[in-house]
Amino acid sequence: MARPPDYQPYFCEENAWRRAAALAEAGAQPALVFISNPLNQVVLFSQRAAGAHGYVVWDYHVVALAAGQIHDLD
C-alpha cells in the first residue's frame, strides 16, 4: 500500500500526526501539542497559508514535539 502524502493543506492535526508517526519510526518519543485559547484566535507566523502580511489566524493549531524541537509542516 502506498504511503499517503506527508502534507495536507489546512489539516494541521493530520500533518502533526503524520510527523509524529515518522518521528516515532525513527526512534523519537513525540508528543502532539494542541494550541488554542479562549478566543479561538491563534496568530501564527511563517505558515504556508500566510499571505503577504506574513501571518495567519487559526482557531487552533496542532504541532508535534520531539527532543525539545517543534515539528510543524505548515
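These figures come from a predicted structure and were not determined experimentally. Here, residue 1 is the first one in the sequence, and each next residue gets the next number. Side-chain atoms are counted along with the backbone in the values below, which use heavy atoms only and exclude waters and symmetry mates.
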Which residues satisfy the side-chain hydrogen bond (donor to acceptor under 3.5 Å, both in side chains) test with Asp59, sequence neighbours excluded? none
Restricting to side-chain hydrogen bond (donor to acceptor under 3.5 Å, both in side chains), what partner residues turn up for Glu13, sequence neighbours left out? Tyr60
I'd like to know whether [atom1] of [X] has more than 12 heavy-atom contacts from other residues, nucleotides or ligands below 6.0 angstrom.
X     : atom1 : value
Trp58 : CH2   : yes
Phe11 : CZ    : no
Ile70 : CD1   : no

Atom pair [atom1] ([X]) and [atom2] ([Y]), whose distance is rounded to the nearest 0.5 Å:
X     : Y     : atom1 : atom2 : value
Glu14 : Leu73 : CD    : CG    : 10.5 Å
Leu23 : Gln69 : CG    : CD    : 9.0 Å
Asp72 : His61 : CG    : NE2   : 3.5 Å

For the residue pair Asp74 / Tyr7, report whether a side-chain donor-acceptor contact shorter than 3.5 Å exists. yes
For Pro30 and Ala66 the tightest heavy-atom approach is CA-CB, 4.1 Å
If hydrophobic clusters are built from ILVMFWY residues whose side chains come within less than 4.5 Å, do Val42 and Val56 share one? yes
Under a single-linkage definition using a 4.5 Å side-chain heavy-atom cutoff for Ile, Leu, Val, Met, Phe, Trp and Tyr, are Val63 and Tyr10 assigned to the same hydrophobic cluster? yes
Any donor-acceptor pair under 3.5 Å linking the side chain of Asn37 with the backbone of Gln41? yes
